[in-house]
Amino acid sequence: MRRRDEKFPENGFEAWGGYMHAKVSKLKEQFSSKAAAEIRVSNIFNGISIFVNGFTIPSADELKELMVQHGGVYHTYQTNDDFIIASNLPDTKVKNMSLSKVVKPEWITDSIKCNCLLDYNIYLLYSNKRTQPKLNFNRLNKTESTPNFENDNTTVYEESKANAIISDENTNNNQLLDTNHKPNKLQQETKQCNIAKTAVDPNFISEFYNNSRLHHISQLGASFKQYINDLRDESNYLFPARVHLSEKIRFINKQSTYSINFEYNKIIMHIDMDCFFVSVGLRSRSDLKGKPIAVTHSKGGQSQKRPGVDRNVEFNLYKQRQAAKWSKVSETSENNIETRVDNIGDEGDKFGSMSEIASCSYEAREKGVKNGMFMGAALRLCPDLQTIPYDFDGYKEVAYTLYNTIAQYTLDIEAVSCDEMYVDCTTLLKDLNVDVVDFATVLREEIKEKTGCPCSTGFGGNRLQARLATKKAKPNGQFFLTSDLVEDFIFNISLKDLPGVGRQISQKLESLGHYTCGSLQQLTLAHLQKYLGNKIGLQLFNQCRGRDLNSLTFHVVRKSVSAEVNYGIRFENNEQCYNFIKQLSAEVHSRMEQFKVVGKCITLKLMVRAKDAPVETAKFMGHGYCDVINKSVSLTSPTSDPQIIAKEIVSLCMKLNIDPREMRGIGIQITKLESVNNRQTKGSLSKFIVSEKINNKPVKKEDLMSINDMQNSHIAKTNPVTPKKVFQSPNMRSPILSSKRSPTIGPKRSPSRKRGRPPKSLKLEQSTKSVMDKFLQGNSSNTILQAKVSMEKKEIKQETVIETPAKKEKGLLGLHWEQTRELLRAWLDSNQTPKLCDINMISDYMCDMVINKNIDKLYILINFFRRRVTELNDEIWSEVQNCILEKVQNTMIAVYGKKLWFESN
DNA sequence: ATCCTCCCCTAC
DNA sequence: TAAGGTAGGGGAGGAT
């Protein structure tokens, strides 16, 4: 018998890799439904690049496609050479930008109509920089530019009424232009020309979003998650920059070697910029370095007194609510409740500013200033606190640099936000063969050099450890939490510092007398679950022991899209409210277009002034003390149509019957999403597996714990729990998969069997995956990554049906199973000796299918494979088959407790 | 039991 | 003045 290595040479991948690549490209074409749409039609826009700002008709997506078709370039992010396509720009933005290249979208559409590039000067949105922006509201509201739905037949009274309202021509915008509409014409026009003050103003939404830090944080976070998805899809998984990195590291430490921390399966890095917004702002203000600084809208000027404001009344309401909430937990706390509104001065007071601090420097933190604090309260703590303005473009730029820096070296990145990510460094560090700390030093130096901003990194065996390590490392430092340190380290960690433990949960725990992880370790799992619920209890039980069941997620799949505005909402009548809903629906629509999703469930979120709250809010244009009301409808078919969304929301609004003058916030959320591109019906068995009852036994706590203990072996030593439960009953056959029937293709097997359901817990799936990763540890060298190059493609991402949680993690290879079948076919027919890396790749893929409960597809795939192997009648291939099947069955046992049944064995 | 809806909580 | 968004996880409790 030959040695395994000979039979499955490790480094012989390239030939097959190249072959696979070609094969995959071909497959890609076949599977690409969009290929036809991307054919070049003309070269009208040769040399022209555009950036779309805000809501346009046609939509940004449509413009993108048009540009591609006609030889132009579409930029998701604005560059200097871009023409800016916009129908409407917020005034503040207009003030700060050159308007000489801001062009209406008609420039694009008309040019295409004429089949030649028209003079953009004719289409300038603002003809002269000096003049006030003059927007043609008529144009924006014309029916021709918005799809109408007058043909929509509805039976429900409210709906038809809602319909009528939405399609009503006489909107607020038009009123503004109506010269006969005298009451506040002058006043309104003044508003138009200056700043959008309330949501009644047509520019309000974009104005608000342009200045909202929370909106930017959220959007940037989402876009970096997408960015990582894209990079992973497009990468060849070769990281030439690693060579330089390795050299640099050896320059600072010649002896640097990767000493494996045997206790850890993985080395996870957490990386976080230090007080991000401040650092970015200080790049150009080195004079302010070392001083207490806060990023806020407030410029320090004293606020005016507004009539009707009673801060005390409002603040007391907040306190009462908080007290009521906490008294549920324990009767002890009554008076000493700390709230956000403490220490705020009165209006006009030196400490009266209610502008929120987005980020503050460490010097300010030392004085007790915190992010999210009101400026007034912060000034009380730190009177010499200086403010700097927001620089949203700067944040984006620095964040890109940060991400690109890391992405040179690895793409095993989970983006958390624009300034924070987790990185699985296991293979990277092995490849570089350097010490963890040296690696951190050099990496942080590079980031500092490129961005001008400091960052901190933490390393550990799981994400919790990495994250806590970063916390310790800050500011501008690094920390490797080695396995020998974990126990002591975690013991002293404050419960508040655990991710997922916020104000409410820490309050609950404190009322039980627990402030630190060490103390919480006294509580039993059952006890914790009784107080906090099953999931959170388990999570905490593990966290306070330094364990973390959650593995990193490299691919993100969206589950909801929403837009909400809880600032500046002041309506005088229903008409203004409905008009705003129309605009917000358009916003939601354009986001859905961007993500290429449609949704079935529409939710209205309203903030309404609470009964006792003052009409005039303490914070200027804030929402004040409110009741929150949510209401949702489910549609029969998914949509992203702004008209339908608006209609449904108005209809919900009418049912709630709330005085529009009391509204303080409006949000629209769409859930039950489906991807637009490929709304395939799922295989019947897959549906069956997800929704039918198969196994009535709930997930056992012990199962979860034992899995966890395998994952954190160093802790298992002090706290031994054998993992045998997970692997019990390997001979029991799955009631679904083992019943007597011929192994025909999925859809034909009617889901008549009722019993047994795979454990539902996502946690279990994820942790099982980690166990399996360990189990199936192949040689995860670069060759496998290279294979992903060819295999991981965009189409797959798009076909994913979003709502199935099991699909959240798509495993190592994001390939469509049918593509994999074709690859298998090609592989078997290639007449080459199978390589170990290829075998691992295939088995990993299949194991992921088990984990993702894609059993019906897996079944087809394996049967196909077995059939072909039998036909080949080759000893080596038979062994390959056995090798793969063994791994798959191991995974089956771990996930389902049962093996997959096949006809002839 | 399990599913669905309406929340609440947390994070950035 | 001020720009209090957004997504995901999960619990409570009623409907089935």
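Note on naming: letters A, B, ... go to the chains in the order of the sequence lines (proteins, then strands), and numbering restarts at 1 for each one. None of these values were measured; they are calculated from a predicted model.
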Exercise for the section: Round to a whole Å and report the spacing from CZ of A:Arg340 to C1' of B:dC9. Expected result: 15 Å
Practice task
Scan A:Met607 against the nucleic acid and name what it touches under 4.0 Å (heavy atoms): base, sugar-phosphate only, or nothing.
Solution key: nothing
Handout entry: Partner of A:Glu616 under salt bridge (Lys or Arg N to Asp or Glu O under 4.0 Å), chosen from A:Lys305, A:Arg306, A:Arg664
Key = A:Arg306
Exercise for the section: Quick one: label A:Arg664 by what it contacts on the DNA or RNA (base, sugar-phosphate, nothing), any heavy atom closer than 4.0 Å. Expected result: nothing
Handout entry: Rounded distance (Å) that lies between atom P of C:dT6 and atom CE of A:Met592
Key = 14 Å
Practice task
Could you check whether A:Ala563 gets within reach of a base, just the sugar-phosphate, or nothing at all, counting any heavy atom under 4.0 Å?
Solution key: sugar-phosphate
Fill in the blank from the handout: Closest to the side chain of A:Ser562, out of C:dA7, C:dG11, C:dA3, is C:dA7
Practice task
Tell me what A:Ile670 touches on the nucleic acid: a base, only sugar-phosphate, or nothing, going by heavy atoms under 4.0 Å.
Solution key: nothing
Exercise for the section: Taking only the side-chain nitrogens and oxygens of A:Lys559, find out if one of them lies under 4.0 Å from OP1 or OP2 of C:dA7. Expected result: no
Exercise for the section: Flag the pair A:Tyr395 / A:Phe392 as yes when their ring centroid distance falls below 6.0 Å, and as no otherwise. Expected result: yes
Handout entry: Phosphate OP1/OP2 of B:dT5 contacted by A:Lys672 side-chain N/O (<4.0 Å)
Key = yes
Practice task
List in numerical order all residues of residues 620-628 of chain A for which some heavy atom is under 4.0 Å away from an atom belonging to DNA chain B.
Solution key: none
Completion exercise
With the side chain defined as heavy atoms from C-beta on, A:Lys619 is closest, among C:dG4, C:dG11, C:dT6, to C:dG4
Problem - Minimum-distance nucleotide to A:Val416 side chain [options: C:dT6, B:dC12, B:dT10] - result: B:dC12
Exercise for the section: Determine: side-chain N/O of A:Ser355 to OP1/OP2 of C:dA3, distance under 4.0 Å, yes or no. Expected result: yes
Problem - Cation-pi, A:Tyr422 ring and A:Arg467 (6.0 angstrom, 45 degrees) - result: no
Handout entry: d(CZ, A:Arg321; P, B:dC7) in whole Å
Key = 13 Å
Fill in the blank from the handout: Closest to the side chain of A:His297, out of C:dT6, B:dT10, C:dA3, is C:dA3
Practice task
Determine the contact category for A:Ser417: base if any of its heavy atoms lies under 4.0 Å from a base atom, sugar-phosphate if only primed atoms, P, OP1 or OP2 are that close, otherwise nothing.
Solution key: sugar-phosphate
Practice task
Check whether any side-chain N or O of A:Tyr209 sits under 4.0 Å from OP1 or OP2 of C:dT6, and answer yes or no.
Solution key: yes
Handout entry: Minimum-distance nucleotide to A:Tyr567 side chain [options: C:dG5, C:dT1, B:dC12]
Key = C:dG5
Exercise for the section: Check whether any side-chain nitrogen or oxygen of A:Ser353 sits under 4.0 Å from OP1 or OP2 of C:dT1, and answer yes or no. Expected result: no
Handout entry: Atom-pair distance (CD on A:Gln539; C1' on B:dC9), nearest Å
Key = 13 Å
Completion exercise
The nucleotide from B:dT5, C:dG4, B:dC9 with an atom nearest the side chain of A:Ser634 is B:dT5
Exercise for the section: Identify, with sequence neighbours excluded, every residue that meets ring pair (Phe, Tyr, Trp, His ring centres under 6.0 Å) alongside A:Tyr318. Expected result: A:Tyr625
Exercise for the section: Give one of base, sugar-phosphate or nothing for A:Ile217, where a contact means two heavy atoms less than 4.0 Å apart. Expected result: base
Practice task
Determine: side-chain N/O of A:Arg213 to OP1/OP2 of B:dC12, distance under 4.0 Å, yes or no.
Solution key: no
Problem - A:His216 side-chain N/O to C:dG5 phosphate OP1/OP2 under 4.0 Å - result: no
Handout entry: Phosphate OP1/OP2 of C:dG5: any A:Gln219 side-chain N/O under 4.0 Å
Key = no
Practice task
For A:Thr296, report the nucleic acid contact type (base, sugar-phosphate, nothing); a contact means any heavy atom under 4.0 Å.
Solution key: nothing
Exercise for the section: Among the candidates C:dG4, C:dT6, B:dC7, find the nucleotide nearest to the side-chain atoms of A:Asn630. Expected result: B:dC7
Exercise for the section: Report which part of the nucleic acid A:Gly502 touches: base, sugar-phosphate, or nothing (heavy-atom distance under 4.0 Å, all strands). Expected result: sugar-phosphate
Exercise for the section: Just jot down the salt bridge (charged side-chain N to carboxylate O under 4.0 Å, His left out) partners of A:Arg380, sequence neighbours excluded, or say none. Expected result: none
Practice task
Tell me what A:Glu420 touches on the nucleic acid: a base, only sugar-phosphate, or nothing, going by heavy atoms under 4.0 Å.
Solution key: sugar-phosphate
Exercise for the section: Compute both the distance and the angle, then confirm whether A:Arg311 meets the cation-pi test with A:Phe374: under 6.0 Å from the six-membered ring centre, within 45 degrees of the axis. Expected result: no
Practice task
Check whether any side-chain N or O of A:Arg558 sits under 4.0 Å from OP1 or OP2 of C:dT6, and answer yes or no.
Solution key: no
